[in-house]
Amino acid sequence: MVKVGSPLKFANYLAASDRILHSLEKTALGLRFSTELRRAASEMRLALKAGDFDMLLAMEKLAAQRDFREYGTELAQKSENGHRQIMERWRIVSNPAMAREDFYAAYAPENISKARAIDPIMESLVKTQCRRLADYAKGNATPAEKFYFSCRQECLRAIYKEHILRLSHALGLNKGHEKSRGLSR
């Protein structure tokens, strides 16, 4: 006779595993883990407040490498690759001459003063990376892990905003907007 699994036993095992996970969070080691993860997130927030975007990208690189070690999945591999691509886009905009060369062709010369700086590639990379971080924070993630991943998402969004600002400066687009703002006052 073949033994068939019991839904009642299955539910009991799941409940027991949830209780164990919850109790692990309350142990000294679990509390220490949460504290250290919150401290790491706080360091990212300090760099964000200081406007040190190169430091934020370096921190995100370390975090992506940790993801790869911790999760070792295809998702972590994609996360690390996504970070590399974000860094490549960032390097282009960090050099105004390179940014002009790379992006100027996308704008018609007669419309450049009215144009708005956009980088759909960087936008897509950041959105995808934020979705990956949200995937890590799902399920059985502790509150500290959820905070850590949401902080990383916040920093990536800020990096994107700074990227667009730098692109705008490199293309000279901000000058046209500043003139139009001055006239409207």
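Below, each value reflects all heavy atoms present in this structure, side chains not excepted, and no hydrogens, waters or symmetry copies.
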Run the side chain to side chain donor-acceptor pair (under 3.5 Å) test against [X] and tell me which residues pass, sequence neighbours left out.
X: K78; answer: E74
X: N81; answer: R84
X: D52; answer: none

Please name all residues satisfying ring pair (Phe, Tyr, Trp, His ring centres under 6.0 Å) with Y136, sequence neighbours left out, ordered by chain then number.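 Ring pair (Phe, Tyr, Trp, His ring centres under 6.0 Å) list for Y136, sorted by chain: Y71, F149.
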
Can you give me every donor-acceptor pair (side chain of residues 59-67, partner residue at least two apart or in another chain, under 3.5 Å) with its distance?
| unit_1 | atom_1 | unit_2 | atom_2 | d |
| --- | --- | --- | --- | --- |
| E60 | OE1 | R152 | NE | 3.0 |
| E60 | OE2 | R152 | NE | 3.4 |
| E60 | OE2 | R152 | NH2 | 2.7 |
| D67 | OD1 | R152 | NH1 | 3.1 |
| D67 | OD2 | R152 | NH1 | 3.1 |
| D67 | OD2 | R152 | NH2 | 2.9 |

In one Ile/Leu/Val/Met/Phe/Trp/Tyr side-chain cluster, 4.5 Å: [X], [Y]:
X: I164; Y: L48; value: yes
X: L46; Y: L56; value: no
X: V93; Y: M98; value: yes
X: L133; Y: F68; value: no
X: M55; Y: Y148; value: yes

Gap between atom [atom2] of [Y] and atom [atom1] of [X] - 0.5 Å precision:
X: M44; Y: C151; atom1: CE; atom2: SG; result: 6.0 Å
X: L125; Y: M122; atom1: CG; atom2: CE; result: 7.0 Å
X: T142; Y: F147; atom1: OG1; atom2: CZ; result: 11.5 Å
X: R89; Y: I121; atom1: CZ; atom2: CD1; result: 4.0 Å

Once side chain to side chain contact (heavy atoms under 4.5 Å, CB included) is applied, do any residues pair with [X], and if so which ones, sequence neighbours excluded?
X: S124; answer: T128
X: N12; answer: L8
X: A16; answer: R19

Contacts of [X] that satisfy salt bridge (charged side-chain N to carboxylate O under 4.0 Å, His left out) - sequence neighbours left out:
X: K127; value: E123
X: D135; value: K138
X: R166; value: E162

Using modelled atom types and a 3.5 Å cut-off, is there a donor and acceptor pairing between side-chain atoms of [X] and backbone atoms of [Y]?
X: Q129; Y: G82; value: no
X: E80; Y: Q77; value: no
X: S34; Y: G30; value: yes

Determine whether I86 and L156 satisfy the following criterion, side-chain contact (heavy atoms from CB on, under 4.5 Å), listing intermediate values before the conclusion. CA-CA 9 Å; I86 287 171; L156 283 169; 4.2 Å; yes

Does any non-hydrogen side-chain atom of [Y] lie less than 4.5 Å from one of [X]?
X: H83; Y: L57; answer: yes
X: C130; Y: V126; answer: yes
X: N95; Y: R91; answer: no

Could you note down all residue pairs passing side chain to side chain donor-acceptor pair (under 3.5 Å) where residues 37-47 supplies at least one of them, sequence neighbours left out?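 Residue pairs passing side chain to side chain donor-acceptor pair (under 3.5 Å), neighbours aside: E36-R39, R45-E154.
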
Looking only at non-hydrogen atoms, find the nearest pair between A137 and K146 and report the distance.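 Scanning both residues completely, I find the closest heavy atoms to be O-CE, 3.3 Å.
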
Considering all heavy atoms of both residues, which atom of W90 and which atom of I159 are nearest to each other, and what is their separation?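 Smallest interatomic distance, heavy atoms only, reads CZ3-O, 3.6 Å.
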
Would F53 and H163 count as a side-chain contact (heavy atoms from CB on, under 4.5 Å) here? Give the steps. CA-CA 9 Å; F53 295 98; H163 175 83; over 6 Å; no

